[in-house]
Amino acid sequence: MNDLLDIAALVLVLIGGLLCVTAAIGLLRFRDVPTRLHAATKPQVLGLILICLAIALSLRSWPVVAFLVPVVMMQLATAPLSAHMVGRQAYRNGTIDERSLYVDELDEARRTPPAAGG
């Protein structure tokens with residue numbers, strides 16, 4: 001049983017590492033901000049979760065699991081928030097190609113001056 005859990009942990013580390021590498025490659029290769037944000041958040045978070053699961057399987061200890069759960073929860077909480085803030089700032093700077101947007105919910109807020117009350 002121990003050998004099977006060690007093999008599963010090895011496979012999870014390899015898959016998690018592969019996802020983190022693809023996230024890094026995506027950050028370098030993609031051209032615009034939304035696709036880079038997608039590459040920075042989705043595969044990286046899943047890769048971290050798989051690596052943390054592999055650590056828990058490998059060490060087989062409840063204190064380790066108790067330590068890894070907050071790590072994963074913090075990553076799940078901060079990755080979308082930081083991606084949202086970077087995307088919002090890119091929109092404000094005008095570095096997003098507006099023709100590629102399907103829905104532009106911030107267009108009216110950008111056209112209305114802040115002191116206009118609207």
Side-chain angles (χ1 to χ4, degrees):
M1 186 66 175
N2 287 337
D3 291 336
L4 185 63
L5 288 176
D6 288 337
I7 291 171
L10 176 68
V11 169
L12 288 173
V13 166
L14 289 175
I15 293 172
L18 182 65
L19 283 169
C20 291
V21 167
T22 58
I25 292 171
L27 282 174
L28 294 174
R29 298 289 296 169
F30 290 148
R31 288 182 271 164
D32 58 345
V33 174
T35 54
R36 283 185 179 177
L37 287 176
H38 178 76
T41 54
K42 302 216 180 0
Q44 185 268 335
V45 171
L46 182 58
L48 176 79
I49 290 172
L50 291 177
I51 290 172
C52 287
L53 184 60
I55 292 170
L57 281 176
S58 177
L59 296 179
R60 298 177 190 92
S61 170
W62 286 111
V64 171
V65 173
F67 179 77
L68 291 174
V69 167
V71 169
V72 170
M73 296 304 286
M74 289 290 288
Q75 187 67 28
L76 287 173
T78 58
L81 180 66
S82 63
H84 172 76
M85 297 307 292
V86 169
R88 181 79 179 238
Q89 188 60 38
Y91 182 83
R92 287 180 181 167
N93 290 342
T95 56
I96 292 181
D97 182 21
E98 293 181 16
R99 295 171 300 178
S100 66
L101 298 176
Y102 291 113
V103 177
D104 190 0
E105 296 174 351
L106 298 174
D107 186 41
E108 183 179 332
R110 186 174 56 170
R111 286 186 280 130
T112 305

Which heavy-atom pair separates Ala39 from Leu27 by the least distance, and what is that distance? CB-N, 4.1 Å
What's the shortest heavy-atom distance between Val72 and Ile49, and which atoms? CG1-CG1, 3.7 Å
Report whether Leu46 and Val13 are members of the same hydrophobic cluster (ILVMFWY, side-chain heavy atoms less than 4.5 Å apart, transitive linking). no
Any donor-acceptor pair under 3.5 Å from Ser58 side chain to Ala54 backbone: no
Do Phe67 and Met73 belong to the same hydrophobic cluster, where Ile, Leu, Val, Met, Phe, Trp and Tyr are linked whenever their side-chain heavy atoms lie under 4.5 Å apart, directly or via other members? no
When every non-hydrogen atom of Arg36 is compared with those of Gly26, the smallest separation belongs to CG-O, 4.3 Å
On a heavy-atom basis, the closest approach of Thr22 and Pro43 is OG1-CB, 4.1 Å
Is it true that atom CZ of Arg60 has more than 12 heavy atoms of other residues, nucleotides or ligands lying nearer than 6.0 Å? yes
Identify the two heavy atoms, one from Ala56 and one from Val65, that lie closest to each other, and give their separation to 0.1 Å. CB-CG2, 3.8 Å
Grouping I, L, V, M, F, W and Y whenever their side-chain heavy atoms are under 4.5 Å apart, do Leu5 and Val11 come out in a common cluster? yes
Rounded to the nearest 0.5 angstrom, the CG-CG distance for Leu76 and Leu48 is 8.5 Å
Same cluster (ILVMFWY, side-chain, under 4.5 Å), Ile51 and Leu59: yes
ILVMFWY cluster, Val71 and Val64 together (side-chain gap under 4.5 Å): yes
If I compare all heavy atoms of Val45 with all of Ala79, which pair ends up nearest, and what's the gap? CG2-CB, 3.6 Å
Measuring from His84:NE2 to Arg88:CZ, what's the distance to the nearest 0.5 Å? 5.5 Å
